[in-house]
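Read through the structure below, which is laid out as structure tokens, and then see the notes.
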Amino acid sequence: MKKIWLPTLALFTSITLAACGGGEDSENSNAEGNSSGDGNWEPEQSLEFVAPSGAGGGWDTTARMAAEGFEEQDIMDQGIGVVNKEGGGGAVGWSYIAGKAENPHHLFVASPPLLLIPLNGQSEYGHEDFTPIANMISDYGAFAVREDAPWDDLNDLFEDMKDSPEDITVIGESSPGSMDHIQFVKIAKEAGVDPQSVKYVSAQDGSTMTNLLNGNADVYSTGVTETVEQVRAGEIKVLGVTAEERLEGDVVEDFPTATEQGIDETFVNWRGFFGPPGMTDEQITYYEEKFKELNDSEFWDETRDKYAWNELYMDSEEYAEFLEDEKESMQELLDEVNVEEE
Amino acid sequence: MGSIEGILSGVQLAFSIEGILFVFLGVLAGTLIGMMPGLGPISAIAIMIPLTYNMDPTVALVLMAGVYYGAVFGGSTSSILLNAPGISGTVATSFDGYPMAQRGEAGKALAVAAIASFFGGTVSVILLMLFAPVLSSVAIVFGPPEYFALMVLGLTAISSLSDGSTVKALISAVLGIMAVTIGIDSQTGTTRFTFNNPNLLEGIDFLVVALGLFALAEVCALIINRNQTSKDRKSLGSLKLSKNDMKDMSGPMGRQSILGFILGVLPGAGATIASFIGYITEKKLAKKPEEFGKGAVRGVAAPETANNAATSGAFVPLLSLGIPGSGTTAVLLGALLVLDIQPGPLLMSEQPQLFWGVIVSMYVGNLFLLILNLPLIPYIAKILAIPRPLLISLVIMFSMIGVYSISFNTFDLYLLVIFGVIGYLMRLFKFPPAPFILAFILGGMMEESFRQAMTMSNNDLSIFINKPIALGMLIAAFLSFTVPIWQGYRSNKKNSA
Amino acid sequence: MLKPVHRKISLLLIALAIFYLYLAYQLPSFSNSVINASTMPKILGFGLIALSLFLFFTPEQETKEEKEKRHIPKADLIKIAGVVLMILAYIFFLERLGFILVSFLFIYFCSYFLGYTKHSINFLVSILFPAILYSAFTMLLGISLPSGIIPF
């Protein structure tokens, strides 16, 4: 069904929220609160990390692990509850946070869809409507083909694509113009393939890998981790990943990067935390410090290993700049991909 | 040989105290959550995720699987008693289950559903054990052309879901597909028919349509008959099945447990399609098809066997390939990743205890479900003895909360009321609601797979002919649609001659 | 000519189809998509028109009895309208007043409105049901329903 639903509000959130007086009063008495005096701000109620997706996905895992880390490492005094706000590829969660303007106790996890979905006109809120706090990790895209496919590296594939793009079907989870599509187009374009000629099919019902294996699709554009099990089983091979350098880890260290194949382009699936609009400098500084501490902790190191994430910390200012650049390059790509007729 | 050792270690796990305890907790939670209006297996699994974070992965998977098929098992209750299907897999159950309950045979209908569910669940687990390793290659033969053909075949059920005018049934179906075109189009990313309303971007949720067209529309009818005396309490809760009933059930249960399992194995097809196809094949095979839709025991047994069998089937691609076949198994896969289990083609050989442990636990779980559910039926069925005015208010509130707990958005509740009104008007003017909901469920997938296939083939229709499975299903669809019409035409001619 | 009710319905459906088609023709088409977003809606729109025309020209088959069935006594219509209004009020106040309070008011007054006169039972049920449901959802299932003005 469309709205796969999962509002898993962790039990203790509701209790903690309730303990705080459960409602509007305490939520609105926020911002100025402790910011008086020496310019130090501290949260005065329990925090809420919003994953704008269902339980179990990348955003959700990041939010939950961060919450667990803050608690385990005693970095923050306040309790943290993780809340799932699913829908619209994130749009539902974003509009929820936008409605929490000036209440810095609600943060959310985001990644490139925060840029792409608004650019595709599917959300009225974009990254500029929120306060970037810190980027925590990065992930990369992978392009996989069947083990018996005629291509052995990305250049083989792109050469064939230049000649007859209509013969090669690229499949991905997200809709056209969103992440799986754009990461492929970005690399292919650098290799000289016309972005518009890429034949991309979106399969949002979990049938992407099936369609690669049964030959309905030729190339699968996805995240690195999604490919690992099938590579180990010898069913598929990964022609290239979008990282700058080789990844570390058991299977993934064998995946060649696009860069080392002479295609000078990367795609970062960054993931970090954002706050509602209108946060003060003191509030940003507070969170930056806390997230930096988490990032440097052993706990986070283990977490990165466990989920095969890579380290990519950015503070609020760097993050904002990075996002501007990213958005610009996405916009360019989208303009080339989505050509309206007439 | 290796697999026999694997099975034994699985048996050991499933029958350990921990294994039995968690499968019990899983099916108990699942069946209770499944009975709640609006909460289906997806919600049930999602609810359990945070609880399993620190559990042993195998035990957690046993628990999650229990929650999953437990929720499917319990899902039929609100369909039968209140005409309020909480998940798409139990819509077909309401076609005959609700009329049975209205006739005062609620207990019997629930018992039929429970037995059929148990049978479907158990037989499919046996099939799962025997064929899981072999079936993994079958699970991936279906691509967009095959899915398109399957959806078309499913849609031919429209002609057999109407008991009056075929034109009205078709109109109802077209309206159903129209409703599902609202929202972001998956293949281009453009928004369609949303009137710039962000609440419509995701499309209309299944539950809004199902509870509106069925439950709320039924409420209107109940309001008119609100003073009818309540049912005879004794027969309401009676579980007694006559020999004849058992005979009636055996055919559908035998066939649908196999067919349902096969459809469940196919990623993307799942319990809903299995239940609809189960319902129509049994209607076609029945000696008295006219009894279907009016409270036939077969009409309850068929979809309930099929949807539970399909649920076990869905574990084939998940456990043997690491591919989620449905929205529910995708959530389950997400939950496994959190637990550090990465299902893939090597799971069976690398972690045989986990693989077989889960499967063996499913026998135990299905048995628990039957033992749990049967004694409860007399009490659950008594819900219908509640005085009408009070029952009406409660059904309305339940439907509202079911919808609200999906989206936490009151917009969906207003939509629910609109669909309730549409549903009532459809009844008044004799437009059957079943084709609407069937088209709503299948139409979206049909359009998507058609467009995927056409993109893959570069706009060449022969992709549907070159694939034997797709072609076979399309021919079957054509025949199942035209033969009844032709027969009707011929018998008409004879009569007038 | 419009006397049989199915003709009126068919005209109404045609109007709906035309509106739907109008919107479908506004949809953008992209050069890189093989089957456009508007293709299926166009087929549906024209299909609905064709089916409605077919319906228009089918001879009336309704028996008198069936027609009678459609006639709803005025008193019942008032009841239905009343319940719909109460539902709308329920939705409107759900997030403002909270689940328990609104559900209590709804169940009590809706049952009363439909002719339930055992006030004490009604009162008990309408307070217990929402309360139990609320605690089950929030405590056991971790789904938070609007708490509203009741502070827990």
Side-chain angles (χ1 to χ4, degrees), chain A residues 1-8 10-11 54-57 60-61 64 68 82 84-89 91-92 95 120-124 166-167 169 171 175-178 199-211 213-217 225 228-230 232-235 306-307 338, chain B residues 42-43 46-47 49-50 53 88 139-145 147 183-191 198 201-207 267-268 317 321-327 329-331 333-335 337-338 340 342-347 405-408 444-445 448 452-453 455-456 458:
Chain A
M1 302 296 84
K2 286 237 158 126
K3 246 181 275 183
I4 298 178
W5 164 90
L6 322 151
T8 2
L11 174 59
D60 179 60
T61 318
R64 285 183 195 280
E68 200 182 318
V82 175
N84 295 86
K85 294 267 175 208
E86 187 178 11
V92 171
S95 80
N120 284 312
Q122 293 161 359
S123 164
E124 51 177 319
E166 68 282 358
D167 290 342
T169 303
I171 199 163
S175 65
S178 204
K199 193 166 95 180
Y200 177 82
V201 173
S202 154
Q204 293 167 13
D205 50 5
S207 65
T208 40
M209 184 63 86
T210 314
N211 280 313
L213 294 175
N214 67 20
N216 280 299
T225 34
V228 172
E229 283 305 301
Q230 305 291 339
R232 285 208 311 135
E235 299 283 344
K306 186 172 167 189
Y307 295 105
N338 282 335
Chain B
I42 294 186
S43 341
I47 287 163
I49 289 180
Y53 275 138
S88 48
I140 61 163
V141 297
F142 265 52
Y147 279 115
I184 293 175
D185 168 34
S186 69
Q187 295 305 301
T188 59
T190 13
T191 55
L201 282 182
E202 276 280 279
I204 298 171
D205 193 83
F206 157 77
L207 204 62
L321 295 172
I323 291 172
S326 63
T329 40
V331 175
L333 183 67
L337 297 179
V338 174
D340 234 1
Q342 174 68 267
L346 302 178
L347 184 75
S405 63
I406 291 184
S407 61
F408 298 96
M445 284 190 267
E448 187 179 17
Q452 286 169 339
T455 309
M456 287 168 174
N458 297 311

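Between chain B and the options A:Glu235, A:Gln230, A:Glu68, the largest number of non-hydrogen pairs under 4.5 Å is found for A:Gln230. Here A:Ala233 is the residue among A:Ala233, A:Ser175, A:Gly234 with the most heavy-atom pairs under 4.5 Å with chain B. Per-residue counts of heavy-atom pairs under 4.5 Å with chain B were compared for A:Met209, A:Arg232, A:Glu124; the largest is that of A:Arg232.
At a threshold of 4.5 Å between non-hydrogen side-chain atoms, the residues B:Pro145 and A:Asn216 count as touching. Here the side chains of B:Leu347 and A:Glu229 are not in contact, with every heavy-atom distance at 4.5 Å or above.
Both the backbone and the side chain of B:Thr455 come within contact range of chain A, judged by heavy atoms closer than 4.5 Å. Using a 4.5 Å cut-off between heavy atoms, A:Ser178 does not touch chain B at all. In this structure, chain B has heavy atoms under 4.5 Å from both the backbone and the side chain of A:Ala203. Interface remark: A:Thr169 contributes side-chain atoms only to the contact with chain B (heavy atom separation under 4.5 Å).
Nearest heavy atom pair, residue A:Asn211 against residue B:Pro144, reads OD1-CD, 3.1 Å. Annotation for B:Met456 and A:Lys199: closest pair O-NZ, 2.8 Å, computed over non-hydrogen atoms. Shown here for A:Pro176 and B:Ser186, the closest heavy-atom pair between the two residues is CD-O, 3.2 Å.
For the atom pair OG of A:Ser207 and CD of B:Glu448, the computed distance is 7.5 Å after rounding to the nearest 0.5 Å. To the nearest 0.5 Å, atom CG of residue B:Leu321 and atom CG of residue A:Leu213 are 7.5 Å apart.
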- Task: Apply side-chain contact (heavy atoms from CB on, under 4.5 Å) to the pair A:Ile171 and B:Gln452, showing each step before the final yes or no.
- Result: CA-CA 10 Å; A:Ile171 199 163; B:Gln452 286 169 339; 5.9 Å; no
- For B:Ile140 and A:Thr210, what are the C-alpha separation, side-chain angles and deciding distance, and is it a side-chain contact (heavy atoms from CB on, under 4.5 Å)? CA-CA 5 Å; B:Ile140 61 163; A:Thr210 314; 3.7 Å; yes
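The closest donor-acceptor contact from the side chain of A:Asn214 to the backbone of B:Phe142 lies under 3.5 Å. At distances below 3.5 Å, not a single donor-acceptor pair connects side-chain atoms of B:Gln187 with backbone N or O atoms of A:Val201.
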